[in-house]
A.B. asks: 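Here it is: the structure, laid out below.
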Amino acid sequence: MDFVPSFALVAPELLLIGAGLVLLLVAAWGGDKAARGIAIAAAAALFGAGLMLVPGLHVGVDGPATLAFGGLIKVDSFALFAKALIYLAAIGALIVAPAFFNSAAAGTERVMRAEYPVLILFATVGMSIMVSANDFMSLYLGLELNSLSAYVLAAILRRDTRSGEAGLKYFVLGALASGILLYGMSLLYGFTGGTAFTAVRAGLTGEMGTGALFGVIFVLSGLAFKISAVPFHMWTPDVYEGAPTPVTAFFATAPKVAAVALTARVAFEVFGGQVQAWQQIVMFTALASIIFGALGAIGQENLKRLLAYSSINNIGFILLGLAVANADGASAMLVYLFIYVAMSLGSFVALLMLRDDEGALFETFADIRGLSVTRPAIAWALLLFMFSLAGIPPLLGFYSKFVVFQATVEAGLIAFGAIAIAASVIGAFYYIKFVKVMFFDEPAGVVTGKSGAGHWALLGLTALIISPLGYLLTPSLTDLADKAAASLFLAV
Amino acid sequence: MEGLPILSLMMLVPLVGAAACLFAGANAARWIALGATLVTFALGIVLWSNYVIGGPQWQFTEKAELFAGFSYALGIDGIALLLIMLSVFLMPVCILASWDSIEKRVGEYMAAFLFMEVLMIGTFAAQDLFLFYVFFEAGLIPMYLIIGVWGGDNRIYASYKFFLYTLLGSVLMLIAMFWMVAEAGTSDIPTLMQYDFPPEAQTWLWLAFFASFAVKVPMWPLHTWLPDAHVQAPTAGSVILAGVLLKLGGYGFIRFSLPMFPEASAEFAWLVFALSMIAVVYTSLVALVQADMKKLIAYSSVAHMAIVTVGLFAFNVQGLEGAMIIMLSHGLVSGALFLCVGVIYDRLHTREIARYGGLAINMPYYALFFLLFTMASIGLPGTSGFVGEFLALAGIYQTSSLVALVSTTGIILGAAYMLYLYRRVAFGGQTNEDAAAMPDISAREWVMMAPIAAAVLWMGVYPESFLAPMRADIAVLDARLAAAAPASDAQLAPGTPRAEAANALSHQGAGHEGMDHAGGNSDSAKEGAH
C-alpha cells in the first residue's frame, strides 16, 4: 500500500505532532523558563499547519482523493474548514496564556508551565483527527487524544482547588460520556458489522431495528455531552468557571468546533439514511439548549459561568442548523461556528484584560461595574460582543442567527424556528445586563492593570470581525461554508 | 445629481460624525454633532428638491451586492422621502436640546444620536427586506444606551422594557421575512410589494409583522413600554422616540403590511380598529389624570398614533394621506412638546405639573410656543394636526361610521387633556417662587422651537407641499388595496337617479296599471313620464 498520498493528506497533523513531540522534549529539559518560547513555537506550528489548509479550502476538495489510510481519514472541504477554525482558536488560546499564568491570576504558582502549549498542540491534533474521521475507530482516537489533553489543561493550576475540581469533574463526566459513545459504537458495530462510516451507513438502510436505534441514540448522546448540549450540559458551567481563563477560552472555541463538526459528520454521513431517527432528537436538544442556556444564565453573577451558559445557548442555535438536515443547514451551521468562535474568543480575551494591579482577574458583575468609565475601549468591545451574541444587527452575530433561521424556515420547519427565535429573546436579557452593568452603573472604583499588545491585537481583530464591517466577509465565508457543506453531502 | 449616491452620503456623514464624536472632547463633540446633522439636513433639502414629483416611483436608487443573503439596495418614494425629511429635520434640534443638559460623556451621547440618525435614514431608504430589518432592529442599541446612560432615575427598568418589548416584537417578523423571501424568491421590497402571497399564508405573515409594528407604533395594549421609555429618556431621546421611532411602526404598516398582504389587512382591519378605538378613548383618559408632563404627552402619543392606524386601515386615499400627515405632524408636534417640557425641566429639574403655574407671566415667549404646539396637538385648523386628523377621520368615515365616531372623541378628549395641561402650567397665578423666577427661553431654545413652529404652520396652511410628493405613491397603494378593501357601512349602494324632483306630481298620465305599482319606484315614474 502506498502511503505517500495518505501522508500528504495528513501533513498538517504530522507537522503538529512533530512539533508537539519536539517541544515536549524542550519542555522536559528547558523547564518552565522555556514556556514562553515553546508557546511561540507552538503558535507558529499551528499557523504553518493552517497555511497548508489554504489551497484545499480555496478550491474545495471532496471525493475519493480525500481518503487516507484506507478510508480511516477523510480530508474533505468540511474537515478543512473545521480544522482552519480550530487552529485559529488554538492560536488565540496560546496568545493570551503567558500574561495570565505569569500573574497573580494564576494563584500561587505565578509561572506558565511548559506543558501548556504542548498540551494545546496535542489537543489540536486530536481535534484534527476528530473532524476528519471517517471511521468510528479514528473518531474515538481523535476524541480521546483531545479529551485527555483537555482534562489536564483544566487542572493545570495544580495548587488551585477550583482548577483541580474542574479537572476532576471534567474527567469523570467526560469518561462517562466516552463510555456512552463507545457503547453506542459497539452496538452499531454489532448491528451493522462495520466501524467504517460507509459500512455503518450501508448497514442502517431500510427499517432500523431497536438495537441499531439504541446505537444511534447512544452515539448522539455521547457527542451531545462533548458539545455540551442540553440535557448533557451540566458540567459546562463548573468546568468553565474552575478552569484557568485561557483554558476556558480554548474550551469554548476549538473543542466546540471539533465536536460540532464531528456530530454533523456522523449525523449526515453515518446516519444520513435515517434522518427521521435523529432529527427529532436534535430538534429537541436544540430548543432545550436555547431555552435552558438562556434561563440558566439569567441568575449568574460570575462572568465565566455566564459565558458558559451563553455557549450552551449558542450550541442550541448551531444545532438548529443540524436539525434542518440539509446542505443549507450544514452551511449555516459552519458560518455560525465561525462567527461564534470570533465572538467567544473576543469576549474571553476582554475578560482576560480586566485585571487589578496585582494581575488578579475580574470575575463577577460587581467587579466590572462602570467599566465604560474606567476602561472605555474594553467596555465598548465587550458591548459589541454582547450585542453580537444577543444577535442584534448590525453586528455579525445577527448574521449567524440569520443564516441558521433562514435555513430552518426554507426547510419548512417554521413553527420550530418561531419558537427558537422567540426563545432567543430570553437570551438577550442577560447580554444586555452585561451592557447595563458596564455602562449604566457607577464605577466600582477598582484600578485596572495594563494588557499586552497580543491581547489588544486579538481583541481588535475579533471586534473588527463582528463589527458591521464583518458583513463584507460574508460572501467569501458563505462560499467556503457552502463548499464544505457540499462535501458532506457528496455521499448522500 | 445623476449618479451621486445621495442616500448613502446622507448616512455616511452622520456615521463619520459619530466616529469623530467618540474620540472628541465634550465641546468639540457638540459642534461636530451639530455640524454633521446640519450637513445631513442640507443634503436632505437637496434630496427633496431633486425628487421628481410624478417621476418614477422609486428614485435615487442604489444597489450593490456587498453581502451574502441580501443586498445593499437603497431608494425612496414620496412616503419615505417625507419621513427621511422629518428625521433629518429633527436631528439638529435634538442636538441643540442636549447642548447644556447633557454634561457627562458628551462624546458618546452625540455618537449614539448620530448613529441613530444613520439607522433611521437607512430604515426608510432600504429597498431590501433584510437590509430594512438590520436598520430597523439596530436602532435598539443606541436607544438602549441613550435611555440607560443618560436617562432619569428609573432608567434601567425603562431601558430593559424598551429593549425586550421591541426585540420580541421584531424577531417574529424576521421569521415571516424568511418565509416570504423563500416563497417569492427575492428580498427586493418593490417586487414584494406587488407579489401576491396566498391568502391563507398572508394571515400568518400579517400577524408576524403586526407583532413588530404594533409594538413600535405602539398600539394598545402593547404600549406600556412607551410611557416608561419617554419619561426616563433625556429630552432629546424623547423627541427622537416620539418624532421618528414611533413612525417606524406606521411606516411598516404602509410599506409592508398593507401592500404585501392586502387580503389579510382587510381581514384584520376589525382588530386594528378595535385596538385603536380602545387606545383613543382609554389612553386619552389616562393622559387626563397624569401628574407628570412627559407621561401625559407620551399617552397622548398613543392616542394620536391610534388615529394613524385607523386612517391606514381605512383602505382609501383620504385615510392613507391623513395617516401620513398625522405621522409627520405628530413627529413635529410631540417632539416640540417634549422640547417644551425639556426647557422648563432644565430650569427646575422636575416634570411635575403642580410645581409650575403662571409661566405666561414670566416666560411669555415660551408660553406662546407652548400654546401653538398645544393647539397643533389638539388639531386646531391652521395647524398641521388639523389637516391630518381631518383627512384620516374623513377616510375612516367612508369605511365605518362607528369607528369614525369613537375616533373623533379623541379630538375632544385631546382638547381636554392638552388644555388642562396648558392651563395648569402656563396660566393661573404663580404658585411657586422658583418657577416664577425662571428666565424666558434663550437664543438656543428659540433656534430649536422656531423652525418647528414654522413647519407646523406651513403644514397646516399649505399641506399641498407635503401631499404632493406622496400622492402618486398613495394612489398606487390605493389601487393595490382596492380589490381587498372591506365593505363599508357608510356608503349607500348607488341607485338609478330619479328623472324628476321627488315632490313632482307623477300621475298626469293616470289610468293604466299605475295603481298596481304602488311602490312608486323610478321605473314606474319614468313610465309615467312618457
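Side chains are part of it too, since the values below use all heavy atoms of this structure and drop only hydrogens, waters and symmetry mates. Here is the naming used below: chain letters follow the sequence lines, and residue numbers restart at 1 for every chain.
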A.B. asks: So, applying side-chain contact (heavy atoms from CB on, under 4.5 Å) with A:Leu384, which one of A:Leu464, A:Thr462, A:Ile466 is it?
C.D. replies: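 Exactly one option meets the side-chain contact (heavy atoms from CB on, under 4.5 Å) with A:Leu384, and it is A:Ile466.
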
A.B. asks: Could you pull out the closest heavy-atom pair between A:Ala423 and A:Ile290, with the gap in Å?
C.D. replies: CB-CG2, 3.7 Å

A.B. asks: So which part of A:Phe402 gets closer than 4.5 Å to some heavy atom of chain B, the side chain, the backbone, both or neither?
C.D. replies: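 Both parts, backbone and side chain.
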
A.B. asks: Would you mind telling me which of A:Gly412, A:Pro393, A:Ala418 has the largest number of heavy-atom pairs within less than 4.5 Å of chain B?
C.D. replies: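 The option with the most such pairs is A:Pro393.
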
A.B. asks: Looking only at atom types and distance, does a side-chain atom of A:Ser289 sit under 3.5 Å from a main-chain N or O of A:Gly316, one as donor and one as acceptor?
C.D. replies: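 Here the side-chain-to-backbone pair does not exist.
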
A.B. asks: Under 6.0 Å between the ring centres of A:Phe440 and B:Tyr144?
C.D. replies: yes

A.B. asks: With a 4.5 angstrom heavy-atom cut-off, which part of A:Leu383 approaches chain B: side chain, backbone, both or neither?
C.D. replies: side chain

A.B. asks: Within residues 115-127 of chain B, which residues come under 4.5 Å of chain A, heavy atom to heavy atom?
C.D. replies: B:Phe115

A.B. asks: So does A:Phe292 have more than 12 non-hydrogen atoms from other groups sitting under 6.0 Å from CZ?
C.D. replies: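 Atom CZ in A:Phe292 is not crowded, with 12 or fewer foreign heavy atoms closer than 6.0 Å.
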
A.B. asks: Heavy atoms under 4.5 Å from chain A: which residues of residues 65-73 of chain B carry them?
C.D. replies: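 Answer by number: B:Leu66, B:Phe67, B:Ala68, B:Gly69, B:Phe70.
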
A.B. asks: Just by modelled atom types, is the B:Gly75 backbone N or O under 3.5 Å from a matching donor or acceptor in the B:Lys63 side chain?
C.D. replies: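 No: the side chain of B:Lys63 does not pair with the backbone of B:Gly75.
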
A.B. asks: Donor-acceptor pair, distance only, cut-off 3.5 Å: does the side chain of B:Gln232 make one with the backbone of B:Asn154?
C.D. replies: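 A pair under 3.5 Å: yes.
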
A.B. asks: Considering residues, nucleotides and ligands other than B:Trp204, do more than 12 of their heavy atoms fall under 6.0 Å from its CH2?
C.D. replies: no

A.B. asks: May I ask you to check whether A:Phe434 and A:Phe365 place their ring centres under 6.0 Å from each other?
C.D. replies: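 Close enough - the centres of the two rings lie under 6.0 Å apart.
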
A.B. asks: Among residues at least two apart in sequence or on other chains, which ones pass side-chain contact (heavy atoms from CB on, under 4.5 Å) with A:Gln300?
C.D. replies: A:Arg305, A:Leu306, A:Tyr309

A.B. asks: B:Phe261 vs B:Phe197 aromatic rings, parallel, tilted or perpendicular, using cut-offs 30° and 60°?
C.D. replies: tilted

A.B. asks: So for A:Leu395, is it side chain, backbone, both, or neither that comes closer than 4.5 Å to the heavy atoms of chain B?
C.D. replies: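 The side chain, not the backbone.
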
A.B. asks: Kindly assign one of parallel, tilted or perpendicular to the pair A:Phe317 and A:Tyr336, based on the angle between their ring planes and the thresholds 30° and 60°.
C.D. replies: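 Ring orientation of A:Phe317 relative to A:Tyr336: parallel.
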
A.B. asks: Given the side-chain rings of A:Phe398 and A:Phe387, with only the six-membered ring counted for Trp, is the space between their centroids under 6.0 Å?
C.D. replies: no

A.B. asks: Out of A:Lys401, A:Lys433, A:Gln406, return the one with the most heavy atom pairs under 4.5 angstrom to chain B.
C.D. replies: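 The answer is A:Gln406.
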
A.B. asks: Check A:Leu459, A:Val435, A:Leu354, A:Leu303 against A:Leu382 for a side-chain contact (heavy atoms from CB on, under 4.5 Å) and give me the one that passes.
C.D. replies: A:Leu354

A.B. asks: For chain B, find which of A:Ile392, A:Thr478, A:Leu477 contributes the most heavy-atom pairs closer than 4.5 angstrom.
C.D. replies: A:Ile392

A.B. asks: Side-chain donor-acceptor pair under 3.5 Å between B:Tyr109 and B:Ser98, yes or no?
C.D. replies: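 The answer is yes; a qualifying pair exists.
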
A.B. asks: Counting only non-hydrogen atoms closer than 4.5 Å, does A:Phe439 touch chain B with its backbone (N, CA, C, O), its side chain (CB onward), both, or neither?
C.D. replies: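 When you check distances to chain B, atoms from both the backbone and side chain of A:Phe439 fall under 4.5 Å.
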
A.B. asks: Given a strict heavy-atom distance threshold of 4.5 Å, which part of B:Phe130 is in contact with chain A: side chain, backbone, both, or neither?
C.D. replies: side chain

A.B. asks: Only heavy atoms, only distances under 4.5 angstrom. Which residues in residues 155-175 of chain B are near chain A?
C.D. replies: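 Within residues 155-175 of chain B, the residues under 4.5 Å from chain A are B:Arg155, B:Ile156, B:Ser159, B:Tyr160, B:Phe163, B:Leu164, B:Leu167, B:Leu168, B:Val171, B:Leu172, B:Leu174, B:Ile175.
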
A.B. asks: Answer yes or no: is there a donor N or O on one side and an acceptor on the other, between the side chain of A:Thr364 and the main chain of A:Glu301, under 3.5 Å?
C.D. replies: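 No.
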
A.B. asks: Just so I understand: if I count every heavy-atom pair under 4.5 Å between each of A:Ile432, A:Ile426, A:Val409, A:Thr474 and chain B, which residue has the most?
C.D. replies: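 Most pairs with chain B among the choices: A:Ile432.
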
A.B. asks: Taking all non-hydrogen atoms of both residues into account, name the closest pair between B:Leu129 and B:Ile189 and its distance.
C.D. replies: N-CG1, 3.7 Å

